Amino acid sequence: MLRFLLSFLFLAAVAGTRAAEVSVIPLPAGNLETQGELLLPLDAPVKAPATPAGERAVRLVVEALGGNVRRTENKGGPGVVFEPAADTKDEEAYTLEITPNGARIRGGEAGLCYGATTLAQLIAKAPRDGGHFRLQCRTITDAPRFGWRGFMLDESRYFAGEQEVKRLLDAMARYKLNRFHWHLTDSPGWRIEIEGYPALTTIGGRGNEADPEGKGEAEFYTKDQIRSIVRYARERNIVVIPEIDMPGHADAAVRAYPELGGGGYKKPAEPLKWPRFTYNPGSPAVWEFRAKVFQEVAELFPEAGMIHFGGDEVHFGWGGWSSLPEVRGLMQRENLPDNAGVEGWFVRDTASLIRRMGLKAGGWDEIAAQGLPVDGTVVFWWRHDQPQVLQNALQRGYPVVLCPRRPLYFDFIQHESHKSGRTWKGFNPLADVYGFPDALGLTAEQESKVLGMQACLWTENAATTRRREFLTWPRLIAMAEAAWTPRERKDLASFEDRLRAELPVLRTGGVVPYDPFANSPEVTDEGANATHLDHP
Ligand code: TNX
């Protein structure tokens, strides 16, 4: 790809053509304007291989041309042709060539769809002239900077529901994002049906951040809904990564099955908000639970290749653990000196179980200190105030997903005037998201271990759809470009220009973004009643 890009840039220089800006988000890696225009008829023929990717590519372009236009077989006129490229090394790469005779897209499976997405954006912005769209001729040569371009949604603190998630996946696909990290379990609520443990959802599914004891209705995804969402994501080249958090953040599961409990949260300021915060790491009942849950989860997410098991915020052992007989037995058998040793053992044991299932074990950056094998582990760096945690993980050779609180936690505010949401010696404005990860100053060698980046929306502070979307957009568009576009092509002013034209597109899709140009009013949860779209 690199060699191809270089020769492309060389040709651009020889031809004396300046690579002109193109109204596409994320900005493509290479864009060369050429002579002439393509007059693309609304009923242009659109041809593609009869594969799922080909069919999706056709649908994207036909929709952009006006989905209700009847397609005639005007074989002679200019049209759109998709060709699979068998030789491509990066299956997300594509080229899009627009000439007066038509548009031609070549790429791998995902590449064909990304080429279609790009062409659809160009058509949407092109002037329409009678029965034609007028498209400037150009050659776009495109591939992503990072292979992991993700978004994490916390559905435990508040449940979003199928309709909102599918709308999110639609918007993610538009900006070529390809990982949806689904935080399905945490203290307030357990959101995924598990047949072996039905009370996880009938009891653990009740509750949210405002209802820690679970007095409300159960809110969760049935297995059929999960399958439907995974399929919907797949159709948009998005892989869904399930997270089942342990050994902490366990209250909902322990409310349902008290015998799994290992003791609660003892933060001085919130004495016992989460009295069942941990699993009992020495209990065979917990080990059996873990194995059965993971088995069902793995079946539901066949393409994930990973189970993310959390591993966060237990802080090297839980005070109460050493009073549990099962933990004392474990300490003796495994020769573990203290609670920190017990936590380390549990993390290693959980990761090893996941690897034996043929999957990678994903976890928050705490796991990088536990001596897990480099091959079967993916570390999610979140503690922005601890850059050495990232340095160490990279040095040990772990593949890392970058998702530091600053600037990638979207529960942080995005404008200094905003009152609702987190801050930490600053906040997370659009420009900081866009500038990431370049501000980190990673070496090329370090960057080669970085799988990519993702934004995380934690929802303690986001009870409603409108609030969640206000926090997500447009920052997620900035992240999408930061993760896709080569560093040397990134330009904040150009991005903002293109973003201005994009905000109305989001609104058309029903998403109401924060408008950073007009500093639109802050959307908070105050006075809200319907917490998600599925509610009447
Ligand atoms: C830290 S990120 C957490 C979450 C919170 C979030 C709030 C992480 C691994 N743990 O449990 O929701 O901060 O910003």
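Only a predicted model underlies this, so the values are computations on that prediction, with no experimental measurement involved. Ligands are counted one by one from 1 in listed order, and the atoms in each one are counted from 1 as well.
No side-chain donor-acceptor contact under 3.5 Å links R466 to the backbone of V523.
On a distance-only criterion, R422 and ligand 1 share at least one N/O pair closer than 3.5 Å. Residue E460 places at least one N or O, backbone or side chain, under 3.5 Å from an N or O of ligand 1. Remark: ligand 1 and D312 share an N or O pair separated by less than 3.5 Å (distance only, no angle test).
The pair D525-R157 fails the salt-bridge criterion, with no side-chain N (NZ, NE, NH1 or NH2) lying under 4.0 Å from an Asp/Glu carboxylate O. E92 and K176 are not joined by a salt bridge, as no carboxylate oxygen comes within less than 4.0 angstrom of a charged side-chain nitrogen. A salt bridge links D224 to R227: at least one charged side-chain nitrogen sits closer than 4.0 Å to a carboxylate oxygen.
Here the CD1 atom belonging to I192 is positioned 10.0 Å from the CG atom belonging to L200, to the nearest 0.5 angstrom.
Contacts between Y409 and ligand 1 below 4.0 angstrom, taking non-hydrogen atoms only, involve the side chain exclusively.
Residue-ligand proximity: R157 is placed with a non-hydrogen atom under 4.0 Å from ligand 1. Heavy atoms of H249 come nearer than 4.0 angstrom to ligand 1 in at least one pair.
When each of F277, W274, Y279 is tested with H249 by the rule ring pair (Phe, Tyr, Trp, His ring centres under 6.0 Å), just one qualifies, namely F277.
Taking only non-hydrogen atoms, the option from E366, M152, E209, E313 nearest to atom 3 (C) of ligand 1 is E313.
Taking every heavy atom of D411 and a limit of under 4.0 angstrom, the matching atoms of ligand 1 come to 7 (C), 14 (O).
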